[in-house]
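Computed from heavy atoms alone, side chains included, the values below leave out hydrogens, waters and symmetry copies. Note on naming: letters A, B, ... go to the chains in the order of the sequence lines (proteins, then strands), and numbering restarts at 1 for each one.
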Amino acid sequence: DGGITQSPKYLFRKEGQNVTLSCEQNLNHDAMYWYRQDPGQGLRLIYYSQIVNDFQKGDIAEGYSVSREKKESFPLTVTSAQKNPTAFYLCASSIAGSIYEQYFGPGTRLTVT
Amino acid sequence: SQQGEEDPQALSIQEGENATMNCSYKTSINNLQWYRQNSGRGLVHLILIRSNEREKHSGRLRVTLDTSKKSSSLLITASRAADTASYFCATVQGAQKLVFGQGTRLTINP
């Protein structure tokens with residue numbers, strides 16, 4: 001059963017704490033992406049990775065960090081430096097690059113109080 | 001930066017009617033993609049149209065692309081309650097990333 005999973009679905013944290021969101025895919029895709037979505041808005045790219053051990057900043061990378069040690073996994077850490085971390089976070093993957101369709105996980109809703 | 005801009009922002013129609021959503025973009029593209037998002041869920045890819053294509057069909061979906069006007073439209077025919085969702089267009093910026101518009105919220109009334 002191929003797909004992309006994100007966990008947990010809901011996450012609550014206190015302000016000042018770092019938190020890591022999980023993203024795993026078994027589609028054998030090279031490229032993976034993290035997006036942030038605020039209520040009623042479109043998606044904004046945080047980080048993306050075209051290949052293992054390499055990743056690039058997207059449009060809103062400040063306050064976030066990622067790693068890509070394995071092809072299947074692309075975890076996102078929301079650090080205390082992110083000023084407004086409460087949002088819906090979506091992970092996606094594609095065969096190789098954005099010219100191909102992206103497959104999305106179910107998302108993680110992060111609430112920081 | 002937002003490459004794709006959808007219009008209208010919200011659309012409410014009766015079940016069985018057709019729904020048309022439009023997308024405009026600013027720069028030249030390799031392809032344009034349409035996605036659907038049910039409330040609180042991830043996005044689902046609907047259709048990809050390449051810059052050298054003018055029209056594409058998939059079931060009840062019809063997508064057109066006019067590169068001279070830098071615009072695309074998504075038509076859903078014979079709408080159903082299950083079509084209620086937000087619809088996003090996305091264009092490839094450079095070779096590396098998709099840029100999404102803010103979406104059209106479609107409501108199908110039974």
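More than 12 non-hydrogen atoms from other residues, nucleotides or ligands lie less than 6.0 angstrom from CG of B/Leu75. Other residues, nucleotides and ligands place no more than 12 heavy atoms under 6.0 Å from the CZ atom of B/Arg80. Counting heavy-atom neighbours within 6.0 Å of B/Gln9 CD, excluding the residue itself, gives a total of 12 or less. Remark: B/Gln14 CD is packed, more than 12 non-hydrogen atoms of other residues, nucleotides or ligands lying under 6.0 Å away. The number of heavy-atom neighbours closer than 6.0 Å to CZ of A/Phe104, taken from other residues, nucleotides and ligands shown, is above 12.
Checked options B/Phe100, B/Phe88, B/Tyr35; the residue passing with A/Tyr35 is B/Phe100 (criterion: ring pair (Phe, Tyr, Trp, His ring centres under 6.0 Å)).
Residues A/Gln37 and B/Gln37 have side chains that bring a donor and an acceptor to within less than 3.5 angstrom of each other.
Annotation: the span from A/Lys9 atom NZ to B/Arg41 atom CZ amounts to 6.0 Å, rounded to 0.5 Å.
Contact annotation for B/Leu48: only side-chain heavy atoms (C-beta onward) come within less than 4.5 Å of a heavy atom of chain A.
Between B/His45 and A/Gln102 the shortest heavy-atom distance is CB-O, 4.1 Å.
Annotation: side chain of A/Tyr48 is not in contact with side chain of B/Leu98 (no heavy-atom distance under 4.5 Å).
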